[in-house]
Every structure is written in structure tokens, then in C-alpha cells.
Engineer: 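My structure is below; once you've seen it, I'll send some questions.
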There are 2 protein chains.
Amino acid sequence: MAPAEHPRMSDVAERAGVSLSTVSRALRGAPGVAPAVRENVLRAAAELSYVVSRGASSLVTGRTGRIAVLVPFLQPWFFGVALAGMNTRLRAAELDMLVYQVGDVEELDGYVRSLPLRSNVDCVVAVSLDLDEGEIKQLDELGLPVVFCSQRVEGRPSVFIDNTGAARGATQHLLNLGHTRIAYIHTRDQTGFSWSSQERRRGYEQAMAEAGAEPFVVSERPGHDGGALAMGRLLSVSHPPTAVFAESDDVAMGALRVLRRSRLEIPEAISVIGFDGSDFAELLDLTTVAQPVFEMGVRAAELAADIVETGRPSTAQVELPTTLLVRQSTAAPRRSRNLTVRAAPHS
Amino acid sequence: MAPAEHPRMSDVAERAGVSLSTVSRALRGAPGVAPAVRENVLRAAAELSYVVSRGASSLVTGRTGRIAVLVPFLQPWFFGVALAGMNTRLRAAELDMLVYQVGDVEELDGYVRSLPLRSNVDCVVAVSLDLDEGEIKQLDELGLPVVFCSQRVEGRPSVFIDNTGAARGATQHLLNLGHTRIAYIHTRDQTGFSWSSQERRRGYEQAMAEAGAEPFVVSERPGHDGGALAMGRLLSVSHPPTAVFAESDDVAMGALRVLRRSRLEIPEAISVIGFDGSDFAELLDLTTVAQPVFEMGVRAAELAADIVETGRPSTAQVELPTTLLVRQSTAAPRRSRNLTVRAAPHS
DNA sequence: CTGTTAGCGCGTTCAG
DNA sequence: CTGAACGCGCTAACAG
């Protein structure tokens with residue numbers, strides 16, 4: 001490793017028979033270099049398989065060519081897709097992507113305090129961090145521009161969907177099918193990351209109110225487990241719902257598992273709708289509200305790239321559309337249906 | 001942005017009333033600083049919310065404090081979990097994680113040629129890239145140490161599982177249950193990333209050979225779709241298998257979808273086993289071979305951190321254990337079972 | 001159009 | 001134990 005010292009710019013200059021600054025200009029595509037000379041330099045660089053050291057150049061330009069992406073989790077489908085979207089767009093902008101998992105607000109605080117980002121990246125993209133105003137202000141202490149992805153923040157560059165409207169639409173779908181006893185599964189954990197969840201809940205409540213139906217919200221912890229627990233609770237009340245709207249596909253899948261194990265047919269016994277449009281929803285024929293996650297990543301990266309390239313702050317608000325994907329997990333309720341219809345002889 | 005210029009080390013020095021180099025030593029935890037002085041410096045730095053510029057320091061130390069992670073995909077469960085594992089361990093080592101998606105060998109080639117990594121990271125971790133020798137050699141041209149995660153490479157630091165052994169165990173499980181007509185679903189695409197797939201297939205074939213059973217391999221494209229297509233083919237032969245071993249949970253899920261839509265009960269009509277131990281396998285009660293993906297990430301990051309810290313190349317081979325998770329998708333075959341038993345009156 | 005001269009912010013000698 | 005000089009590899013003003 002050590003024997004093969006990397007070539008420096010002066011090596012290229014020597015080989016091409018020009019000066020250092022000419023090499024710099026040529027490699028950078030800066031104007032003011034004769035085409036022939038430029039070609040010479042490029043060839044010399046290629047022959048030495050030379051690459052400019054970003055560290056050195058950013059020391060003088062002040063730009064690092066890197067952006068940081070902050071995500072609350074790395075594992076869920078959503079974040080993989082979002083990162084893939086960003087990756088695509090960032091590559092086009094020749095920006096590298098630093099990924100940090102910030103599990104909770106406390107950790108975010110730690111990050112901001114230790115500031116490992118400052119002078120290390122040009123911009124940070126916060127994905128689904130669902131921060132409140134105070135936390136956003138904290139991020140400012142980094143002294144870096146911040147782009148919000150999957151969260152709408154007024155006055156800040158952000159890419160988002162209309163959670164409330166989409167949730168209202170999903171609820172309306174169930175109402176239109178003839179359901180009236182529609183439950184909403186909502187999650188919340190201690191860390192306090194739950195903005196979009198709140199917005200979706202609001203959309204559900206609006207639609208229910210407009211229809212004159214009684215809202216019925218159960219709150220559990222996030223993830224499959226929460227969905228399973230919530231479904232268990234819903235199946236234990238005296239008058240169970242005929243349809244369930246889960247805050248996310250993840251949560252819906254937990255609910256589906258419980259229904260399957262209870263031998264309750266979907267959608268005959270109960271309709272289920274999720275949110276996200278994950279590919280697992282497709283596998284399970286789950287009706288869901290799809291959001292364009294990949295494109296959200298792309299657009300967020302685009303905003304970041306713009307900010308880095310122009311050096312100007314931005315307040316762009318990018319709202320992306322959602323799509324209701326109706327599949328086999330939702331259908332009209334059976335007339336005067338009762339969940340116990342199969343098991344109860346006295347039906 | 002511009003008004004809030006970041007403080008420099010000299011600012012800290014001035015505030016603490018010491019010289020530049022003393023600040024450097026103090027901040028770095030280097031020996032040769034009086035405790036009282038160090039504390040002073042630390043306080044001054046905190047008050048200015050100062051952080052050393054990695055760019056500047058790496059210019060002189062030659063270390064960037066960054067590692068690059070190369071993944072073929074960002075979206076699948078596997079990679080999210082692996083990245084999460086790395087993230088954990090890298091944070092402990094105070095290394096930042098640059099993530100690059102390299103979809104196929106061609107793209108990898110592009111990366112290696114444009115060398116955006118050189119002098120930009122200290123080490124690269126290749127996750128599940130399933131490279132052949134030539135491609136590995138190509139990576140060497142980066143002039144950087146490479147750690148392999150989820151691929152065994154002799155003489156190189158690598159973290160992996162025993163794919164062959166695990167696949168043999170899974171096949172043995174089915175054989176022990178009494179199955180003899182066991183199919184294997186194998187995937188392959190044009191890009192040529194398929195090492196572990198080959199290894200698993202070999203394990204399957206070994207177990208079948210030992211049992212004197214006839215191997216039956218169908219090959220399709222990767223992902224859910226491939227699994228679905230493969231299952232379709234398996235259901236269309238004259239004597240369908242009573243059990244299916246899918247190369248991965250992803251593929252198994254595609255197969256499951258086809259079975260569900262065909263109204264074939266699992267495991268009554270057909271047993272299915274996957275590979276990976278994804279949490280979706282759990283949701284679907286899919287028997288699977290679990291691999292410790294998170295830990296693979298952790299261990300790979302550890303190898304990388306070691307190499308960076310010691311500066312010495314490594315040839316560590318870390319083999320991690322797999323676990324067969326028996327769930328409800330596998331069971332003994334029905335005596336003289338026939339897939340058409342329910343539909344065929346002449347049974 | 002090209003070369004020369006200064007630093008960018010820090011770590012590392014080496015004297016004190 | 002501390003400070004002053006030098007240089008890491010590169011870009012940005014200038015001068016030619």
C-alpha cells in the first residue's frame with residue numbers, strides 16, 4: 001500500500017510539461033486553457049491514474065463535495081428507497097453521500113453538539129426526522145443548509161406529500177365502499193418522531209367527521225408489533241370495526257398477521273388499508289396509499305445540489321402526489337356483517 | 001451563512017491563551033499537555049463551538065476518517081440492516097460512512113476508473129458485491145484496503161457465512177420431514193452478481209445427492225418476480241415438488257404469492273423455505289435460514305476500523321453462524337400427496 | 001492563454 | 001511541557 005504513493009498534481013504537471021495551475025484549470029474544466037493543452041493534461045492524468053484530492057481542494061474552495069443524509073432508521077423499506085433516489089441524483093451532481101443514522105432526538109442533539117458535520121459536508125438532508133421547531137433551530141447551529149425530505153417545513157427547502165389529504169382520501173375510499181365502523185391505527189414512541197403520523201390521523205378524522213362517522217383511534221408502538229397489538233385490541237371490543245386504516249404498511253402488516261392467524265378473511269371479514277406503497281404491500285395485495293419515495297429522494301437531493309452549486313439558500317417547497325392503490329384487501333362490507341358470523345351459531 | 005464564519009484553531013488558541021500547537025495536541029488527546037491547560041483549551045473550544053476541520057487535518061495526517069461502503073442495491077432489507085450494523089460500529093470508531101450504490105459490474109468499473117474514492121476515504125467495504133477475481137483485482141487499483149462483507153475472499157479481510165453448509169442444512173430439514181421432490185429456486189441476472197446464490201445451490205445439490213434424491217433447479221431473474229415466475233413453472237410440470245427451497249426470502253415471497261393466489265395451502269399442499277431471516281419471513285411464518293446480517297455489518301466495520309487504525313492490512317476471515325428458523329411454512333408432506341388432490345375427483 | 005505567488009487550516013518536526 | 005517554523009495538495013489571485 002505504502003509503496004504505491006498516489007501521484008500529486010505536480011507529477012501530472014511535470015508529465016504534461018505545463019505548470020501546476022494549468023493542470024488545475026484543465027482538470028477542473030475551468031476556462032482559459034487551450035484545447036490541445038487540456039487534452040495533454042487529461043491524458044497525463046489518466047496515465048498516472050491521478051485524481052485530485054478533494055481534501056486539499058476543499059480546503060481552499062470551502063466546498064467539500066459531500067452532503068450528509070440523516071435518517072432515523074436504516075432498515076425500513078422507506079429509507080432504502082429514499083437513499084437510492086438520492087444516490088442517483090447526487091451522483092449526477094458529483095456529490096458524495098454521507099449517511100448517519102440518528103435514532104432519536106437525543107442522538108440528534110449529540111450530533112449537533114459534537115458537530116462532526118461542520119466543515120465536513122456542504123449540506124445536510126434530514127429524512128423523515130419529523131422535527132419540531134426547537135429541534136430544527138438546533139440543526140441550524142451546524143451552520144449548514146438543511147433540506148427536509150418527507151417533512152414540510154415552512155420557509156425551508158422541503159420535499160413532502162400531503163399526508164392529511166392522502167389519509168382523507170383513503171378514509172373516503174372506505175366510506176364510499178359502505179364502511180362506517182372504520183378504525184385508525186396510530187403509533188407513537190417515546191422519542192417523539194411522529195409528525196406525519198399526526199397529519200395522517202387528522203386526515204382520517206376529517207373524513208370521518210364529514211361523513212358523520214365516529215372516529216376510533218388505537219395507539220400503539222411503531223412497527224409490525226404495534227400493528228399486531230392494535231389489531232388485537234380492535235378484535236376485542238364489543239363492536240369491532242369492519243375496516244382498518246393503518247398508519248403505514250409496516251403497521252398494516254402486523255395487523256394482517258393477526259387477522260390471518262385469527263382465520264378472519266380479508267376483505268370479507270374486514271378491510272385493511274395501509275400507507276406507503278411498499279412493495280410488500282403489493283405482495284400481500286394490500287390496498288395502500290402510495291407515496292413516490294424514490295422521487296422524494298431524487299428531489300431532495302436536487303434541492304441540496306442546487307444549494308451547494310449556487311451557494312444560495314432556498315425555500316423551495318416541493319409537494320409530490322400520492323396515489324391510492326386499490327387492491328384486494330379492501331371491499332364493501334357484508335350487509336349487517338358481524339365478525340363472529342362464522343363461529344357463532346346464534347347469528 | 002457567510003456572516004457566521006466558523007472559528008479556526010487560532011481563535012481557540014487566542015481564547016485559551018496558548019499557542020496553536022498546544023490547542024492541536026489538547027484537542028487530539030495527544031500526550032504532552034498539562035491537565036489544567038488541556039481543560040482550558042477544551043473549554044475555549046466548547047465556548048466557540050469549534051470543531052477541527054477534517055479536511056485540513058487529513059491533509060497532513062493522510063487519514064480522512066471516512067470509509068466507503070459499496071452496495072449493489074440500497075432498497076432490499078439486507079442492505080439496510082447491514083448498513084445499520086456498520087453505522088453502529090463506525091460511529092464508535094469515529095469514522096464516517098460514505099455510501100455508494102454500484103448496481104452492476106460495469107458501474108463498479110466506472111467507479112474504479114474515475115477513482116472518486118482515492119484520497120477521499122481510508123478504506124472501502126464491499127457488501128455482497130459477489131465479485132470474481134478480476135473484479136477484485138480491479139478494486140485494488142484504487143490503492144485502498146478493501147473489506148468484503150457477505151463474501152468470502154481468501155487472503156482478504158472478509159465477513160461471511162457458510163452458504164453451502166446452511167443451504168445443505170435447510171435441504172436436510174426438508175428431507176428429514178419426508179420430502180423427496182424438493183425444488184430449488186435460483187436466480188441470476190445479466191450483471192453477474194451471484195456468488196452466494198451459487199454456493200447455496202451447491203449445498204442444496206449436495207444434500208440431495210447424499211439422500212439419493214433428484215435435484216430440480218429452476219432459474220429465474222432475481223426478486224419477487226423471479227420467485228413468482230419460478231413457482232409458476234414448478235406448478236406447471238407433470239409431477240410438482242412437495243417442497244421448495246428459495247434462494248432468498250425475497251424470492252420465496254414471490255413464490256408464496258403465487259401459491260396463495262392458486263389457493264394452495266402452505267404447508268399442507270407444499271412446503272416453502274427461504275433464506276436470509278428477514279423480518280418479512282417472520283410476518284409470513286416462513287421457515288428460513290437466518291443470517292446475522294446486522295452483526296455482519298458490525299464485524300465488517302470492525303475490520304475496516306482496525307485497518308484504518310493500525311494502518312496494517314488484514315487477512316482476517318470472520319465466519320458467522322446461521323440459524324434455521326423453523327416456522328409454519330414447512331411440514332411433513334401428506335402421504336402420497338398430490339397437488340391436485342382437492343380438485344381432482346379421480347384422486 | 002499560461003506561469004508565479006500566496007495562502008486554505010491544520011499536524012509535525014524541532015528548539016526552548 | 002510549550003511555541004515557532006514548515007509543509008500537506010490544491011486553488012485563486014495576480015502578472016506575464
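Lettering follows sequence order; numbering is per chain, from 1.
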Engineer: I'd like to know if B:Arg152 pairs up with B:Glu154 as an ion pair, taking the criterion as any Lys NZ or Arg NE/NH1/NH2 lying under 4.0 Å from an Asp or Glu carboxylate oxygen.
Structural biologist: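 Yes, B:Arg152 and B:Glu154 are salt-bridged.
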Engineer: For residues 69-89 of chain B, run the donor-acceptor check on the side chains, cut-off 3.5 Å, and write out each pair with its distance to 0.1 Å, sequence neighbours left out.
Structural biologist:
unit_1: B:Gln75; atom_1: NE2; unit_2: A:Asp279; atom_2: OD2; d: 3.3
unit_1: B:Trp77; atom_1: NE1; unit_2: B:Asp279; atom_2: OD1; d: 3.2
unit_1: B:Asn87; atom_1: OD1; unit_2: A:Gln101; atom_2: N; d: 3.4
unit_1: B:Thr88; atom_1: OG1; unit_2: B:Ala84; atom_2: O; d: 2.9
unit_1: B:Arg89; atom_1: NE; unit_2: B:Glu302; atom_2: OE1; d: 2.8

Engineer: Under the salt bridge (charged side-chain N to carboxylate O under 4.0 Å, His left out) rule, what do B:Asp96 and B:Arg91 come out as? Steps first, then yes or no, please.
Structural biologist: CA-CA 7 Å; B:Asp96 288 336; B:Arg91 178 173 316 196; over 6 Å; no
Engineer: What is the distance, to the nearest angstrom, from the CG atom on A:Leu59 to the P atom on D:dT11?
Structural biologist: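 Whole-Å distance recorded here is 11 Å.
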Engineer: Hey, does the side chain of B:Tyr50 come within less than 4.0 Å of C:dC10's phosphate (OP1/OP2), counting only N and O?
Structural biologist: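 Indeed, a polar side-chain atom of B:Tyr50 lies that close.
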Engineer: What is the separation between atom CZ on A:Arg63 and atom P on D:dC10, rounded to the nearest whole Å?
Structural biologist: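 Distance check: A:Arg63 CZ to D:dC10 P gives 17 Å.
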Engineer: Please identify each residue that fulfils side chain to side chain donor-acceptor pair (under 3.5 Å) with B:Glu47, with sequence neighbours left out.
Structural biologist: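 Expected list: B:Arg15.
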Engineer: Could you tell me the separation between the CZ atom of A:Arg8 and the C1' atom of D:dG7, rounded to a whole number of Å?
Structural biologist: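 Taking CZ of A:Arg8 and C1' of D:dG7, I get 10 Å after rounding.
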Engineer: Hey, is A:Arg156 close enough to A:Asp140 for a salt bridge, meaning N to O under 4.0 Å?
Structural biologist: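 Salt bridge: yes.
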Engineer: Is the shortest distance from a Lys or Arg side-chain nitrogen in B:Glu295 or B:Arg299 to a carboxylate oxygen in the other one below 4.0 Å?
Structural biologist: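 Counted as a salt bridge, because a side-chain N and a carboxylate O are separated by less than 4.0 Å.
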Engineer: Which whole-number value in Å describes the distance from B:Asn120 CG to D:dC10 P?
Structural biologist: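 Atom-to-atom, B:Asn120 to D:dC10, this comes out as 13 Å.
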Engineer: Does a nitrogen or oxygen in the side chain of A:Thr22 sit under 4.0 Å from OP1 or OP2 of C:dG3?
Structural biologist: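 For C:dG3, OP1 or OP2 has a side-chain N or O of A:Thr22 closer than 4.0 Å.
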Engineer: May I ask you to verify if any side-chain N or O of A:Ser19 is less than 4.0 angstrom from the OP1 or OP2 atom of C:dT2?
Structural biologist: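 Negative; the distance criterion is not met.
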Engineer: Just how far, in rounded Å, is P of C:dT2 from CG of A:Asn40?
Structural biologist: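 Value for this atom pair: 10 Å.
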Engineer: Quick one: what's the B/S/- string for nucleotides 11-16 of chain C, heavy-atom cutoff under 4.0 Å, read 5' to 3'?
Structural biologist: SB----
